[in-house]
Amino acid sequence: MERNALIEQARQAFVERFGREPQAAGAAPGRVELLGNHTDYNQGFVLTSAIDRGTAVAGAAREVPQARVFSQGREGVASFDPQEPRHDDAAPWADYVKGVVHELNQAGAAVGGFDAAVVSDLPVGAGVSSSAALEVSAAQFLLTLYPHPILGDRMGLARLCQRAENDFVGAPTGLLDQFSSIFGQAGHALFLDCRSLQWRAVALPAERARILIADTGVKHALASGGGYRERRAQCEAAARWFGEQTGQPITALRDVSRETLEQYGPRMDPTLRKRAHHIVYENLRVEMGVEALTQGNLGAFGEMLNNTHESCRDLFENSAPEVDALVEIAQAQPGVYGAKITGGGWGGCAVILHEPGALAGLSEALAEGYRARFGRDTNLLPTVAAQGAEALRFE
Ligand code: GLA
C-alpha cells in the first residue's frame, strides 16, 4: 500500500478505537535481504532493500502514565505502564512496542502515557521483517510524542530497535532488519558492513529490475527461533575454533579468509565447516554482487542470488522444500535475473529479481507450479526498493 494511505488507515483506526484524533504517527517498511544471508550477526556484509509495504502507528499522548496499544487484525489491547513495560501473553505482538518503549527510556527519552493504533500490510512471520517494521514505526511515533535526539541518530536508533528485539523480545537477530527499515532509499539497495556500520546505497533502478517476493505460507518449527539460535551458536563455535587453531584474533566468521577456510577446514567438524563455508563465501558474494550492481550488470548480480540460494540449501541448511521449489520455478523463467531464499529461513519467502516485463509470466508459473506441487497457493508480493521510515505530527 502507498505510504500515505497506510498512515491514513492508522489514523482512522485510532479515531475509531479511541474516539479522538491522533497527534503523531510513525511509518516503517519491511525489507528484503538481497544478499548476505545470516552474515549480519557474523559481523559480515549484507545487501538489502526496504520494500513498499510496511507498518504505521498513529496515536496521542495521555495525561495518565498508562499506554494502550491495539493492532488491527490482532487480538487484545496491550495496556501497560510505559515506565515499566512487561510481557503479557494476551498480546505477545505488543512485546515489540514494549521493547522499544523500554529501550527509549534506557536512552533517556522518558516515555509517558499514550494511546496507539497499529496497521500493517506486511505478512507476519513470512521473512519480510514485520517485527522490525513494528519496532521502527513505534519508535518514530514515540519520539515524535516524546522527543529525544536519538531520532536524528539513525544508526543509533536502528541499534536501539535491535536491542528491543534481542533483549526484550528475546530473539538473537542481527542488525539487518532494523537497518533496512530505517535507511531504505527508493530505487536503491543498501550495502552494510555489520562490523564498522559503514553503509552505502547502490542503484537498483525500478525501470530495469523489479523484486517479487513469493511467500510459501509455511513456517517450519525451526523457523520460530530454534534453528536461527542454533545456526548462530554454530557460527560462533566455528569462529572460536578457527581462533584456537590459527592463533589469530578471530572474533567472528567475518575474520576468516577463504585461504584460512581452505587450509583448516578439512580438519573441522563437518557441520561447523559447512556453516563457516557458507558465511565466508557469502560475504564474498555480497562484495561481488555490489560490484556487479554498481556496474549495472544485473545478470552477474542475479547469478550471485542463485549461488547464495544453493549455499543456503546445501551448506547452511536453512531452506525448505517449499522455498527451493519457488526458487527453481523462478530461475527457469525468462526475464529472471536470479532468485534465492530471504530472511531467517525454514520457510518464509523467496526473493526473485526480474525484468519489469517478466512479472505476468513469472507470477503465473509460480502460482501454477506451487499449487501443483504443494496443493496450496503462494502469496505473491511484487515490490520495488522503497523509502525508509518516517515520522509526522498531525497538527
Ligand atoms: C532474520 C534476522 C536478521 C538476519 C536474517 C538472515 O531476518 O532478523 O537479523 O540474520 O534473518 O540474514
message: Testing the 3.5 Å rule here: is there a donor-acceptor pair between the side chains of D193 and S196?
response: yes

- prompt: According to the interplanar angle, ranging from 0 to 90°, do the rings of H277 and Y281 count as parallel (below 30°), tilted (30 to 60°) or perpendicular (above 60°)?
  reply: parallel

message: Under 3.5 Å, is there a donor on one side chain and an acceptor on the other for Q178 and E135?
response: yes

Pair R195 + D255: basic N to acidic O under 4.0 Å: yes

- request: List for me each residue that meets ring pair (Phe, Tyr, Trp, His ring centres under 6.0 Å) alongside F301, sequence neighbours excluded, and say none if there are none.
  value: none

message: Can a side-chain donor-acceptor contact be found between Q295 and E291 if the only test is distance below 3.5 angstrom?
response: yes

query: Charged N to carboxylate O under 4.0 angstrom, E262 versus R258?
result: no

- prompt: When you measure from the side chain of T144 to the backbone N and O of Q140, does any donor-acceptor pair fall under 3.5 Å?
  reply: yes

query: Just checking, any donor-acceptor pair under 3.5 angstrom between side chains of H309 and D324?
result: yes

message: Using a strict threshold of under 4.0 Å (side-chain N to carboxylate O), is an ion pair present between K340 and E310?
response: no

- prompt: So do L143 and I150 actually touch side chain to side chain, heavy atoms under 4.5 Å?
  reply: yes

query: Is any side-chain N of the basic residue among K274 and E317 closer than 4.0 Å to the acidic one's carboxylate O?
result: yes

query: What is the ring orientation for F114 with F80, classed by angle as parallel under 30°, tilted 30 to 60°, or perpendicular over 60°?
result: perpendicular

- prompt: Should the pair F45 and F191 be assigned to parallel (<30°), tilted (30 to 60°) or perpendicular (>60°) ring geometry?
  reply: tilted

query: Is the Lys NZ or Arg CZ of R154 less than 6.0 Å from the centre of F183's six-membered ring, within 45° of the axis?
result: yes

query: Is the backbone of A78 close enough, under 3.5 Å, to the side chain of D88 for a donor and an acceptor to pair up by distance?
result: no

- prompt: In terms of side-chain heavy atoms, does N4 have a donor or acceptor partner in E8 at a distance below 3.5 Å?
  reply: no

field: ring pair (Phe, Tyr, Trp, His ring centres under 6.0 Å) between Y337 and H354, intermediate numbers included
entry: CA-CA 5 Å; Y337 297 116; H354 63 89; 8.1 Å; no

- prompt: Do T260 and S257 have a side chain donor and acceptor closer than 3.5 Å?
  reply: yes

Donor-acceptor list for residues 123-134 side chains, cut-off 3.5 Å, not counting sequence neighbours:
from	atom 1	to	atom 2	distance (Å)
S129	OG	D177	OD1	3.3
S129	OG	D177	OD2	3.2

message: Taking the six-membered ring of F70 as reference, does the cationic atom of R17 (NZ for Lys, CZ for Arg) lie under 6.0 Å from its centre and within 45° of its axis?
response: yes

- request: Classify the angle between the aromatic ring planes of F316 and H278 as parallel (below 30°), tilted (30 to 60°) or perpendicular (above 60°).
  value: tilted

- prompt: Do NZ/NE/NH1/NH2 and the carboxylate oxygens of R285 and E282 come within less than 4.0 Å?
  reply: yes

